[in-house]
Structure formats: C-alpha cells, structure tokens
Trainee: 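What follows is a structure written as structure tokens; I'll ask about it next.
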Amino acid sequence: MTDSIRELTILQPDDWHIHLRDGKALSTTVSHAADSFNRVICMPNLVPPVKNIDDARAYRDRIMEHLQNSELSIERKSAFDPRMTLYLTDKTTPKDIKLAAQSGIVQAVKLYPAGATTNSSDGVTDINACVDVFEALEKYNLPLLIHGEVTQDHVDIFDREKRFLDEVLAQIIVKFPTLKIVVEHITTSDAADFVLTQGNHIAATITPQHLMFNRNHLLLGGIKQHFYCLPILKRESHQKVLLDVATSGNPKFFLGTDSAPHATDKKENACGCAGCYSAATALPLYATAFDSVGKIDKLEGFASRFGAQFYGMPVNESTVTLINTPMQVPSAYPYFDGY
Ligand code: NCD
Ligand code: ZN
C-alpha cells in the first residue's frame, strides 16, 4: 500500500478457487484458508477425485472436522463455508449434476482436460462426449469451472491456454449459450480479452502469482520451482494485462488463489509438481500487486464482491483490516502429504 495508506479495511474476502487437499494436510490448509476467507470453492482433484455428491459430502465433513479442531476463533470457525465442486470425468452423468445442484453444498463442476495438470488423469478425454452433462449444468444453473489448457503433447506449454480458448471454449460457449463459466486462473492477455468479449455469464479468476510474477521470475538466473504452477507463468506483457483487468473494477475478474500445496520433496524435485501455495499470504500478496499499480482502492471489489455477485451469493458482512508492514513469507509450512 502507498505510504499514505497504512491500513485498509475491506469486506471479508472469499476464495473462489483453492486446493485444500485431504487427510492430515487439512490441519494446515483449512486453518490458513479460514483465517482469511469466508467462502472457499474447494477443488476436487483429490486422489481419487471428488466425483459425486457422496464424495463431496464426505470431503466437506473432513474439512469441517479439521476446522472445528483448529485454533481459529469461534467467529472465524462459524464464518468459514467450504463450497464443494465435482470433478467432471468421462462417466459423469446428468443425474450426478442434478443431485449436486439440489444438494446445497456443491457450488460448481470442474473441468480438467485429462492430463492438463496435477491429478487430472481422470479428467475429460473428449469434450464432445459431455453434451448431456453441459445441458444439465445449464438446466440447473450450476457453473462450469474450467482449467483452460489443451493437452496435446506437441502444443507448446506457453500456447496451451490460448489454443484452448480458440479451439475448445469458443465452441462450448456457442453450443451452450447460457452456461455459466469461470475460466480459472487466467494467465494471458488472450484470456483476458476473451472473457471481456463474452457476456456476463463468463468470468475469470486470477491468482496472486500471475499478478506478481512472470516467466522471468521462474526461469532467469536458475529455475525457481516454487514459481512453477499450471497454467505456467507467461511473459511480462501478459502479467501487465492481468494486472490491468484485475484492478479495473470489472466484475468479470475476481479472486481465486489456486493455492495448491505440495510436500517439499515433491516440489523440490527433478520433476517438481505444479502448484504454488498461497493460502496463508494471499491477501497481502494481492494487496501488494494492486498497490504496485496504484489501485489498492479496487481490491475490495476483486476480493470481496465480484465473485459473490457472479455466484449469486450475498457479500460478507464482516471486514478484515490489512496493515502495510514488511512481512517475511515462510519458506515452508507443516504439511503432511495429502490429496
Ligand atoms: C494445481 C494442483 O496442484 O492441484 N496445480 C497448479 O499448478 N495450479 C492444479 C491446478 O489447478 O491446475
Ligand atoms: Zn487449481
């Protein structure tokens, strides 16, 4: 925050894209998430994935158990509301979607093209086979959250997002014109432009790392694997456009950390996992990014209003105060490998 602004109070934010993982990992991830956010959309890429309403209920119960066992205040415990997602596979049925829509705990369905990212091997192999499921999503007004990258081996990793928009997403939108879609963790000016040209039912989340960093941070002077996530950081010109749209006050762009923890030995590895863990520091990171372009006044909309509006939920009533003071980001947290 600029020198003149030492403190900033905003409505309590929500995180519309987070990986909490499972098992003992929840004792760290749930506390971090619930410390900052009220509603969080929990990604379903566990092993095995969250495929149906029974899986979603059981996963939510495990999250709530860790919440109750945490040292968070009673206020934070009662404010935290994990919203669940189903992992779309080749076998998902319209009935799965109907039950999810009626459940009151499932907020959306997640599409991972098979092989696109961490734990996506059970993802969709043929989008054209999902017609019935997309129809059901439209019918029950359940949003489709998309990891937007093509997966063919020969496609350059830096082009995969744009190719998905042009070759896959554009067609889905034409075929299902009222389907609510969030293009998750956008990384390119192409994705920002794509979302801007669509109707209000098409939105995007943006992570803190894609606002703060570009591929030079990942690759220059040695590979920094802690900056490695998917979709991969792009060149600086893309980072600048993401900062422009995130701080523009346009409600199509809202907060989704994509906080994705991995055990140190899997991250710091010759074949290191994709994912950046930001749950504990996300708000200061976003505030730093917004402040870097003199737009701290736009943080509340992005972090606390636009996502709720998109999902048709009320904005939170409580507030959080950010204080502009130097902080050291811990190099690691206690974490028990869990998916
Ligand atoms: C995520 C993970 O680790 O689960 N990794 C990542 O690089 N973002 C999966 C995802 O959201 O792509
Ligand atoms: Zn993710």
Side-chain angles (χ1 to χ4, degrees), residues 14-23 25-26 28-29 32-33 37 40-50 59 63 82-88 107-124 143-151 157-158 160-161 164 181-188 191 203-215 217-218 223-234 242 254-269 271-279 282 285 307 333 335-339:
D14 305 295
D15 185 352
W16 304 102
H17 182 133
I18 193 167
H19 300 264
L20 294 176
R21 309 301 191 207
D22 206 352
L26 292 172
T28 298
T29 59
H32 285 165
F37 301 106
V40 297
I41 290 199
C42 304
M43 288 298 129
N45 62 332
L46 309 180
V47 181
V50 179
Y59 183 33
I63 293 169
R83 311 296 307 159
M84 310 314 288
T85 52
L86 295 193
Y87 184 118
L88 203 56
Q107 198 68 45
V109 168
K110 180 73 189 280
L111 166 64
Y112 293 100
T117 186
T118 307
N119 301 340
S120 63
S121 54
D122 290 320
V124 169
L144 178 66
L145 315 184
I146 297 189
H147 184 111
E149 289 192 284
V150 296
T151 56
I157 188 169
F158 291 102
R160 288 177 172 217
E161 184 175 88
F164 185 91
I181 295 175
V182 183
V183 192
E184 297 292 336
H185 40 52
I186 60 168
T187 64
T188 56
T205 53
I206 309 182
T207 76
Q209 64 267 25
H210 291 100
L211 294 177
M212 293 188 75
F213 305 115
N214 58 66
R215 65 193 193 182
H217 296 97
L218 172 68
I223 294 178
K224 294 6 150 283
Q225 54 273 72
H226 289 283
F227 289 108
Y228 176 56
C229 67
L230 289 171
I232 197 162
L233 293 172
K234 305 299 191 299
L242 296 176
F254 48 82
L255 186 156
T257 62
D258 194 21
S259 175
H262 291 279
T264 303
D265 64 321
K266 294 213 174 121
K267 191 82 190 140
E268 298 175 358
N269 182 299
C271 185
C273 293
C276 299
Y277 186 60
S278 60
L285 295 179
Y333 298 96
Y335 180 74
F336 302 90
D337 206 352
Y339 295 100

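Counting convention: from 1, in listed order, for ligands and their atoms alike. Hydrogens, waters and symmetry mates are skipped; everything else that's a heavy atom, side chains included, is used.
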Trainee: Please work out, at 4.0 Å between heavy atoms, whether the side chain, the backbone, both, or neither of E184 comes within that distance of ligand 1.
Mentor: neither
Trainee: What residue and atom, counting heavy atoms only, is the protein's closest point to atom 7 (O) of ligand 1, and at what distance?
Mentor: L230 N, 2.7 Å
Trainee: Can you tell me if, anywhere in H185, an N/O/S atom lies at a distance from the Zn ion (ligand 2) that is smaller than 2.8 Å?
Mentor: no
Trainee: Could you check whether K234 and T187, counting side-chain N and O atoms only, form a donor-acceptor pair closer than 3.5 Å?
Mentor: yes
Trainee: Hey, is ligand 1 close enough to R21 that some N/O pair sits below 3.5 Å?
Mentor: yes
Trainee: May I ask you to list the atoms of ligand 1 that are less than 4.0 angstrom from any heavy atom of H147?
Mentor: 12 (O)
Trainee: Would you check the N or O atoms of N45, main chain and side chain alike, for any that come under 3.5 Å of an N or O of ligand 1?
Mentor: yes
Trainee: Give the minimum heavy-atom separation between R21 and L26, together with the two atoms involved.
Mentor: O-CD2, 3.2 Å
Trainee: Say whether, by atom type as modelled, one donor and one acceptor occur between the side chain of K267 and the main chain of P261 under 3.5 angstrom.
Mentor: no
Trainee: Got a donor-acceptor contact below 3.5 angstrom from the N45 side chain to the T118 backbone?
Mentor: yes
Trainee: Does the N or O separation between T118 and ligand 1 drop below 3.5 Å for any pair?
Mentor: yes
Trainee: How far is atom 8 (N) of ligand 1 from its nearest protein heavy atom, and which residue and atom name does that atom have?
Mentor: D258 OD2, 2.7 Å
Trainee: At a 4.0 Å threshold, what atoms of ligand 1 neighbour a non-hydrogen atom of H17?
Mentor: 11 (O)
Trainee: Does at least one non-hydrogen atom of M43 fall below 4.0 angstrom from an atom of ligand 1?
Mentor: no
Trainee: Taking the six-membered ring for Trp, are F227 and F213 parallel (under 30°), tilted (30 to 60°) or perpendicular (over 60°)?
Mentor: perpendicular
Trainee: Does any N or O of ligand 1 fall below 3.5 Å from an N or O anywhere on C229, backbone included?
Mentor: no
Trainee: May I ask you to check whether E184 brings an N, O or S atom to under 2.8 Å from the Zn ion (ligand 2)?
Mentor: no
Trainee: What's the shortest heavy-atom distance between A25 and Y335, and which atoms?
Mentor: CB-CE1, 3.4 Å
Trainee: Regarding H17, does it place an N, O or S atom less than 2.8 Å from the Zn ion (ligand 2)?
Mentor: yes
Trainee: Can you find a pair of side-chain heavy atoms, one from W16 and one from V182, that are under 4.5 Å apart?
Mentor: no
Trainee: What's the atom name of the N, O or S in D258 nearest to the Zn ion (ligand 2)?
Mentor: OD1
Trainee: Heavy-atom contacts with G275 under 4.0 Å: which atoms of ligand 1 show up? List them by number with element.
Mentor: 5 (N), 6 (C), 7 (O)
Trainee: Using a 4.0 Å cutoff against the non-hydrogen atoms of H262, which atoms of ligand 1 qualify?
Mentor: 3 (O)
Trainee: How far apart are the closest heavy atoms of E184 and T205, and which atoms are they?
Mentor: OE1-OG1, 2.8 Å
Trainee: Got the closest protein heavy atom to atom 5 (N) of ligand 1, with its distance?
Mentor: A274 O, 3.2 Å
Trainee: Below the 3.5 angstrom mark, is there an N/O of A260, backbone or side chain, next to an N/O of ligand 1?
Mentor: no
Trainee: Of T117, L145, L46, which has the heavy atom at the shortest distance from atom 10 (C) of ligand 1?
Mentor: T117
Trainee: With a 3.5 Å distance limit and no angle check, can you tell me whether S120 reaches the backbone of A114 through a side-chain donor-acceptor pair?
Mentor: no
Trainee: Is the backbone N or O of M43 less than 3.5 Å from a side-chain atom of K110, with the two atoms forming a donor-acceptor pair by type?
Mentor: no
Trainee: Which heavy atom of F37 sits nearest a heavy atom of A279, and at what distance?
Mentor: CE1-O, 4.3 Å
Trainee: Distance only, no hydrogens: is a donor on one side chain within 3.5 Å (strictly under) of an acceptor on the other, for H32 and Y277?
Mentor: yes
